[in-house]
Each structure stands twice: as structure tokens, then as C-alpha cells.
Amino acid sequence: MRKSVDFKGPSDVAVLGGGVAGLAVARSLARRGLGVTLVERGAHGAGASGAAAGMLAPQAEAERADDFFDLLCESREMYPAFAAALLEETGLDIELDLTGTLYLAFNDEDVGDIERRYAWQARAGLAVERLTAEEARAAEPAVSPAVRLALSFPRDWQVENRLLVGALALSAERLGVRVLDGTEALGVRVERGRVVGVETSRGTLSAGALVLAAGAWSSRVPLLPSTDASGVDESQADAAVHPSVEPVRGQMLCFRGEPQGGPPLVRHVVYSPRGYLVPRRDGRLLAGSTTEHAGFDASVTPAGIRAVRKHALEISPEVGGLKLTDSWAGLRPRAADERPVLGESDEVKGLFYATGHYRNGILLAPLTGEIVAGLVAGGATRIAPRALEAFSPARFRRALAGSHRGEEFKDRGMMKRVLFFMLAFGLGAAAPLPRARAFAQTPAPPQTRASEAAPGGDDAAAVASEARSLYEEADAYARLKFDEFRKNNVPYNEQLERKTLQEQRDLALRHATRLAARGPLNGPDLYYAGRLYVLAGKSEAALDALRRFLSETPKVALAPEALRQKARAVAVEQAAKLSLHVEAERFLAEFLGHEPRTPNDAHRLNYLVGFRRCEPSPSHCPRPASTTKRRASCSKTASHSTRLPHRASKRPPPRRRLRSTSGLNSSPSRSLTCAGGWCCSTSGRRGAAPAATPSRSSTRCTASTKTADSSSSA
């Protein structure tokens, strides 16, 4: 053990990390009368906090209203009082700018995104205004003439983040916080499952509690359990792990017009789906940003500069006349689910987290300080404890432990809709086994057949990873369980079937979380992580993993083209389920432009994209290529009986079957089940035959957007 150095006595709380999160927590703790020491490996604010753009824009970046969006908005509303308090405490103005934010659309996909964002925010009563191209250019004359539509968010603001860091540090010091810059944290000391201090490059600091706010480095601070005289560990801390937080690099550019100190090019923060411009009071114009998985490399690259400049010019061609005066990069701390990690560890007492803020560190600073300080001090927090569960570090452990395993769907109607769309998505490629003879010889899992193997020895070896093994285990789980039920002559039981399906989803989620905890994924690991999220019913996470997999340069991805083609097919399905029609069509075009593919797959995916685009009125249904009578399929009701084919066929399914996919067998006893009532598979691919009693009510295409995600058929 390192020799203890005089830190002027022990502290009530040690805070690791001198970014806005750590400084805000330290300040809030000191305001509660606790003795606080802040340990920072470099200079406070020198990491992601100093490299940010300072935007306070939850509405501009939100896809939907959820508990995370509520958290962001709550913190934004704290900023006027927060800025006033810092001004009073330090005399520093953090330049809170209440001008607002403009979000611009330049193409069809952008317009669709804006329309969706405006629709749900207007319904929710949020401050948002839809602007025409002329109105957008009247508000900001410098924006590109190519703008087609815009949204105005008057309550999405900005702050000068570097002044914020300085004000927080000065306020904390005046409140008695000891700030130790240039001091590296080597590990957290734990005795009998409780924090007792932190080992630093300057010695051991004793503390009754510790807040880990080290940003992208949070997962790299080890836990150091104590040992007795025999060398036996006295605690369970050796089995504890931090939530995984990875660095994501973002590069920024700074422009300035002439003369220096003149007005900036724009007054608002101006967004597009690809970049943004942020004006500063001193005439600077910030442009950002990249999103790169480059490890702990915080360097600025020529490719990054080109990308940021390109997106800035798209917003305003006049940026080309400005002088590039500076550039920098920061490492955003990203947790596995892109949400912050706030609260106490469920494995080590006295260990609290304030990390994983990713793109929202500046925005969440005031609320993070209040929440974590309240938890450490044992008092009430600004957010209800139940609402904080979504951001607790225990959420990753719960996912791994499968705490919800065995829970049943309480909404029977939802379960019927899930099974309905499992059938609808897999019908084109489905080939169930004959009813009476199928169960004597259960086929191998689809992913273990020769068609799944990657061509070439090196590629095949690359694909044969832990991620693939985890996916295969989760994918085969329900099939093997149903085989076991049949062999043991277990009577068909709908409740037991639902339980088994839920167990499969839980297993897939645990495996996906396990992969995410390993750190940044790439190559085939990303593909199989996406497939696990599909099995778990997490379409957004699945689509994100598949996007990242497909965005890798093929020569660098170490993945065969066959695997990339499968990823495109799954991405089509997940984008369609999320009603991301433009993206689904883009993935479909990529799929159709590559090999290998079969007519069955092309027909099925083409049909799926059109099926999910249908509106309540059959007259709005599209007519994708190769399906001339698809419009009729959208208005079929669930009372129409559908029977699965009894044997495989290499030909595309006839239109008669396609037209009937919107309705299921409505037999009240047992419908669409294999012999004995047990499904052959639950993966929605060959052999799939979901068992349920579907709803008899009319079901149009748009109802599909509200269903839970089902497994992929690719």
C-alpha cells in the first residue's frame, strides 16, 4: 500500500473527476456542509467539459418523450437560477443565452424527421414552432437557401461551457472543497464491502464516501479490496465491476469573422441532422461535431476537420468566408444504453456514480449535482427515487441477472399483436415442418447451418466469436425448450409458452448487456450484438448496432459480405418496425444491390417496407415493386384465416398468402400451432409458427407501429 500523505485530514466525500459533473457534485455537497476533496488527473475541465459546445437542447435532440427526456428538461429549467447563483457566488457570468435553437431540414429524410418531432412535441404541449423556409431565413439570413423546413425551439438554450467550468471550480473552492489537480486516482479502497478512501498518485486519501465522476475514464479506476493477514479478501469488491463507460471522440472547429469581436454569423444555435453551429458573444462561431469510436485518442484529424466543415457549409455557405482559428477534440463518456449513470452502487456501499452523460454533460450539470449530493447526504433528491431507477448503476446488474425472468405479459392483446407480426415478418421465408412428423427430428438452429457460415477460413474464424456463441444460445433457447416439452409430452399451455418466450428475451438482453460491458464493439461482434437486441425486443439498440456495423469500411470490418448482407436485411426490418421509412428503404436498396440474396428474401423485405408504410385508410397504402395488389392486404381483418405452408419452397410465396398476412387463424381453442401445440421456433425464421389466440378485431397496418418488437427473420 502506498504511504499516506497529509491531505489535511480525511474527507467526508472524495470526488474523482474535475469536469462539470464532478465540480457540480462537489459544490452541492459542500453547500450541504460536507467536507469534500476533488481529485482530477489533469486540469479541471480539460476533458469533455472544456471541449463541448455548451448546448442546452433536449427538445432539438429528442426522438420521443420518456424518463430521460424528462430528466434533460428538468435540468434545463434549472439553468436560469443556476447561472444566477454562480454569478452571485463567484462574480462570473457563464453567458447563458436564451435566444433559442433552430433545427433545419435540407432533404426528404430531414423533413420527415422534423414533421415527426413537431407532431409529438406539439401534442405534448412543449414550446416548438414550425417554420417555412422563408421564415427560417428571415430568422437567420445566413442559413443556406437550400433549407426546406425548420423548427424553432425557444427554450433550447446555450451556455459558455468553459466559463461554466471556471465558475463551478471557483464556487467549490470558496465553499471549502479541496481541488487536487494533476493527481491521478489509482484505485478505490474498499473494506468489507464499503468505500474507505482512494489511492492516488500522491498517496492514500481517506473518505467515508466516493463519487466516481471521471467521465470516459470512469471504468478504468479499479476497486482495491483489502485483505487480511492471510491474504484472503475480506469483501466482495473483487467481484464488483463498474458500469461500462466508453470514450466517443467528438471534434470541433472554431471560426471567426473579421473584424475580430464583431457579431457572429448567426444568433441562434442552428442544428441540422448532421451538424450544428453555435455562436459566442465574442464573435466566435463553433461548429461540430464528429462521433467516433477511437478509444482514448483525443487528437484532431484531417478527416474530422473535413467532415465538420462540410456539415457547417451545408447549414450556411457563408461559413466558407470565415477564418478557421482553432480546433479540438473531446472524449464523451458513453454508457452502454447512452443514459447517465447516477446513484449508489448496489455492490459497494458508499460508492456513487455521476458519469456516462455522453452528449448531455453540460445540460445535466445542475441536476446531476443536486441528485448525487442528495443521495450521498442521505436526504431527499430533486427526482423521485423510483424515477431514478432508470439511471441507477444497478440497472446493468439487473439486466445481467435477469431480475424480470419469468414475468409474464400482463397485456394479452399486446402479446397477440407481437406474435401476429412475428408471423407477418417471417412468412415470406418461413417453411414450417410437417405437422405430424416435425418433432421427431428437430432441425439444427438456422445460424449453425452451412448457409450461415462465412466463406473463407479467416473470415469464418473472425465470425466465430463469443458474440456469435451468445447469440446462438439465446436464439435456440425457446426452440430447445419447446422440444423438451414435446419429448416429455407436456400438454400445450399458453401461459407456459409466454413464460418461455419472455425467458428468451431476458436471456438475449443479458447477453447483449454482457457484450456491451466489454467495451467498444466492432466487426461481427457488433452484428451479433444487434441480433441479440432484436431477440430481446430492443429495436432501437439493435438498429444502432447494425448501423455501426454497416458503417465500417468493409476491408476493415473483418466481416464477410454474407454477414453484412444479413445485417442489411435485419436493419430493414428494425427500421420498418420503428416507422423509419426512409431509412428502411435505404437499407432495402443496399440489400437489393448486393449478393447473396434470394428472391424470397427480396420479396419479403420489399413487402415488409410497404406493409409498414400503410396508413389507416387502405387508399394510402404504397405499391412497392413486384407487388401489384398490396393495397388490399392492408385492410384485411384478423378474422381472415391464414394457414402456414406445410413444406419449404424456394419460390416467393404466392400473393394469396401475402394478402392474408394481416389476419390470423381466429380459432378460439388453439390456432397456428405445431403438433401438440408447441411452436417449432420463435425466431420468426424458417420453422417459425407462433402460437397464440389472436384478436378477432380489425387490424390495419398502422397498428403495427405500437407493437413490441419481435425476432428477426433474416
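Just so it is clear, the values below take in all heavy atoms, side chains as well, and ignore hydrogens, waters and symmetry mates.
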(request) Measure up the F153 and Y103 rings against each other and bin them: parallel (under 30°), tilted (30 to 60°), perpendicular (over 60°). (result) perpendicular
(request) Measure the acute angle between the ring planes of Y353 and H242, then classify it against the limits of 30° and 60° as parallel, tilted or perpendicular. (result) perpendicular
Are the side chain of [X] and the backbone N or O of [Y] linked by a donor-acceptor pair below 3.5 Å?
X: S219; Y: V245; value: yes
X: S218; Y: G215; value: yes
X: T101; Y: D156; value: yes
X: H357; Y: P340; value: no
X: R76; Y: L72; value: no
X: E109; Y: E583; value: no

Rounded distance (nearest 0.5 Å) linking atom [atom1] of [X] with atom [atom2] of [Y]:
X: R339; Y: S392; atom1: CZ; atom2: OG; answer: 12.5 Å
X: L363; Y: S75; atom1: CG; atom2: OG; answer: 5.0 Å
X: H311; Y: Y276; atom1: NE2; atom2: OH; answer: 12.0 Å
X: R116; Y: Q121; atom1: CZ; atom2: CD; answer: 13.0 Å
X: R359; Y: M55; atom1: CZ; atom2: CE; answer: 6.5 Å

(request) Run the numbers on L102 and L151 for side-chain contact (heavy atoms from CB on, under 4.5 Å), then give the verdict. (result) CA-CA 6 Å; L102 290 184; L151 293 182; over 6 Å; no
Are [X] and [Y] packed together at the side-chain level, in the sense that at least one heavy-atom pair is separated by less than 4.5 angstrom?
X: R604; Y: E573; value: yes
X: E63; Y: E540; value: no
X: E590; Y: F587; value: yes
X: L532; Y: L470; value: yes
X: Y471; Y: H511; value: no
X: V248; Y: T291; value: yes
X: L507; Y: E473; value: yes

Salt bridge check, [Y] against [X]: does any charged N sit closer than 4.0 Å to a carboxylate O?
X: E246; Y: R332; answer: no
X: R468; Y: E472; answer: yes
X: R548; Y: D544; answer: yes

Show the nearest heavy-atom pair for residues [X] and [Y], with the distance to one decimal.
X: A48; Y: L331; result: CB-O, 3.4 Å
X: A542; Y: V534; result: CB-CG2, 3.6 Å
X: R505; Y: G537; result: NH1-CA, 3.8 Å
X: L588; Y: V572; result: N-CG2, 3.4 Å
X: A571; Y: L546; result: N-CD1, 3.8 Å
X: G295; Y: P247; result: O-CG, 3.2 Å

Quick one about [Y] and [X] (side-chain donor to acceptor, distance below 3.5 Å, no hydrogens or angles considered), yes or no?
X: Y271; Y: E61; answer: yes
X: S289; Y: Q251; answer: no
X: R117; Y: Q59; answer: no

(request) For F591, enumerate each residue passing the ring-ring contact (aromatic ring centres under 6.0 Å, His included) test, keeping only those at least two apart in sequence or located in another chain. (result) none
(message) For F69, give me all partners under ring-ring contact (aromatic ring centres under 6.0 Å, His included), at least two apart in sequence or on another chain.
(response) W120
(message) R274 vs E314, test: side-chain contact (heavy atoms from CB on, under 4.5 Å). Steps then yes/no.
(response) CA-CA 9 Å; R274 291 159 291 281; E314 179 188 41; 3.0 Å; yes
(request) Check step by step if salt bridge (Lys or Arg N to Asp or Glu O under 4.0 Å) holds for R498 and E503. (result) CA-CA 9 Å; R498 289 201 304 269; E503 288 175 351; over 6 Å; no
(request) Validate the cation-pi geometry between R148 and F106: distance from NZ or CZ to the six-membered ring centre under 6.0 Å, angle to the ring axis within 45°. (result) no
(request) Evaluate the criterion side-chain contact (heavy atoms from CB on, under 4.5 Å) for residue pair L277 and V269; output intermediate values, then yes/no. (result) CA-CA 6 Å; L277 299 177; V269 173; over 6 Å; no
